[in-house]
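Heavy atoms only: backbone and side chains are in, while hydrogens, waters and symmetry mates are out. Remember, it's a predicted structure, so these values are computed and weren't measured experimentally.
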Amino acid sequence: MKKTVGRIAIAFAVAVGGLVATSGTANAYGTGDCSYSKQRTASGSGDSVILQIWRCPDGHDYAKGIISGSANASRARVWMDDSINGGRSWTARQYTTSPSRSTQTPQNNLLFDGSPHKVRACGDTSGHRTICTAWY
């Protein structure tokens, strides 16, 4: 019953929007059976932001954002942007902060199901300008 309810919730969320936070048994990424698929990277002021896309056995793609700041950086922030119009407008999701120079969006928690949705990772540290990866 729990798996069925989770699958129904994901199916509804995917119908409404392609990027959705997931949890519990419905999240295939959490099983560790996913394979690395794609990566996009952007850099600036010594900081690097990485978008990773993982393909999972359930047929879905899962996205994760990572920021690694320069050696003297602190207060890292990273988040995912989701767009349904090629990046002309977007919604920020999975906003994560850390007092250190590096952090990542919550693991095992983000479902991305492609077209028409585009996703990118953005982040900054210690007052540096925000940098974003290319849209995927």
Side-chain angles (χ1 to χ4, degrees):
M1 177 67 175
K2 194 174 190 181
K3 284 185 179 183
T4 301
V5 170
R7 287 184 181 124
I8 290 169
I10 287 178
F12 174 74
V14 168
V16 173
L19 187 69
V20 60
T22 60
S23 63
T25 58
N27 191 335
Y29 185 89
T31 67
D33 295 331
C34 302
S35 59
Y36 171 75
S37 179
K38 304 280 183 193
Q39 180 169 304
R40 303 279 191 269
T41 303
S43 299
S45 301
D47 300 339
S48 294
V49 172
I50 301 166
L51 169 68
Q52 290 182 341
I53 304 293
W54 296 81
R55 174 59 49 98
C56 297
D58 66 355
H60 296 291
D61 288 342
Y62 290 78
K64 178 169 71 172
I66 302 166
I67 186 166
S68 178
S70 61
N72 62 347
S74 62
R75 297 187 316 274
R77 302 185 307 164
V78 66
W79 61 93
M80 309 294 291
D81 285 342
D82 175 35
S83 176
I84 59 170
N85 60 14
R88 289 187 300 278
S89 63
W90 57 86
T91 302
R93 301 177 189 270
Q94 297 292 312
Y95 189 87
T96 305
T97 63
S98 170
S100 71
R101 66 185 187 98
S102 300
T103 192
Q104 62 186 7
T105 55
Q107 291 188 22
N108 311 340
N109 202 30
L110 199 62
L111 172 65
F112 166 68
D113 269 334
S115 185
H117 292 263
K118 299 278 187 182
V119 64
R120 69 180 178 183
C122 296
D124 59 28
T125 63
S126 309
H128 291 164
R129 279 188 19 199
T130 297
I131 51 176
C132 296
T133 65
W135 290 99
Y136 173 80

Working to the nearest 0.5 Å, report the span between [atom1] of [X] and [atom2] of [Y].
X	Y	atom1	atom2	value
Ser35	Arg55	OG	CZ	8.0 Å
Lys64	Gln94	NZ	CD	12.5 Å
Cys34	Gln52	SG	CD	12.0 Å

To check you understand the geometry: which heavy-atom pair defines the closest contact between [X] and [Y], and what is its length?
X	Y	value
Ile67	Ala76	CG2-CB, 3.8 Å
Thr133	Val49	CG2-O, 3.5 Å
Gly123	Trp79	CA-CZ3, 3.8 Å
Asp47	Gly69	OD1-CA, 3.2 Å
Tyr62	Cys56	CD1-SG, 3.2 Å
Leu51	Ala63	CD1-CB, 4.2 Å

Got a sec, which residues hit side-chain contact (heavy atoms from CB on, under 4.5 Å) with Ser98, two or more places apart in sequence or on another chain?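 For Ser98 the side-chain contact (heavy atoms from CB on, under 4.5 Å) partners, ignoring immediate neighbours, are Ser100, Thr103.
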
Going hydrophobic residue to hydrophobic residue with side-chain gaps under 4.5 angstrom, can you get from Tyr136 over to Met80?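 They do share one cluster, since a chain of ILVMFWY contacts under 4.5 Å joins Tyr136 to Met80.
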
With hydrophobic residues grouped by side-chain heavy-atom distances under 4.5 Å, do Ile131 and Val78 end up in a single group?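 Both belong to a single hydrophobic cluster.
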
Holding to side-chain hydrogen bond (donor to acceptor under 3.5 Å, both in side chains), I want the full list of residues that pass it with Thr96, two or more places apart in sequence or in another chain.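 Residues passing side-chain hydrogen bond (donor to acceptor under 3.5 Å, both in side chains) with Thr96: none at all.
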
What residues form a side-chain hydrogen bond (donor to acceptor under 3.5 Å, both in side chains) with Asn72, not counting sequence neighbours?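 Partners of Asn72 by the side-chain hydrogen bond (donor to acceptor under 3.5 Å, both in side chains) criterion, ordered by chain and then number, come out as Ser70.
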
Applying side-chain contact (heavy atoms from CB on, under 4.5 Å), run through Arg101 and Ser68 and close with a yes or a no. CA-CA 6 Å; Arg101 66 185 187 98; Ser68 178; 4.2 Å; yes

For Thr91 and Asp82, does a side-chain donor sit closer than 3.5 Å to a side-chain acceptor?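 Note: Thr91 and Asp82 side chains miss the donor-acceptor criterion.
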
Candidate pair Arg120 and Arg40, rule side-chain contact (heavy atoms from CB on, under 4.5 Å), full reasoning: CA-CA 8 Å; Arg120 69 180 178 183; Arg40 303 279 191 269; over 6 Å; no

Please answer whether the main-chain N or O of Gly65 pairs with a side-chain N or O of Thr105 as donor and acceptor at a distance below 3.5 Å.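 Checking the backbone N and O of Gly65 against the side chain of Thr105, a donor-acceptor pair under 3.5 Å is found.
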
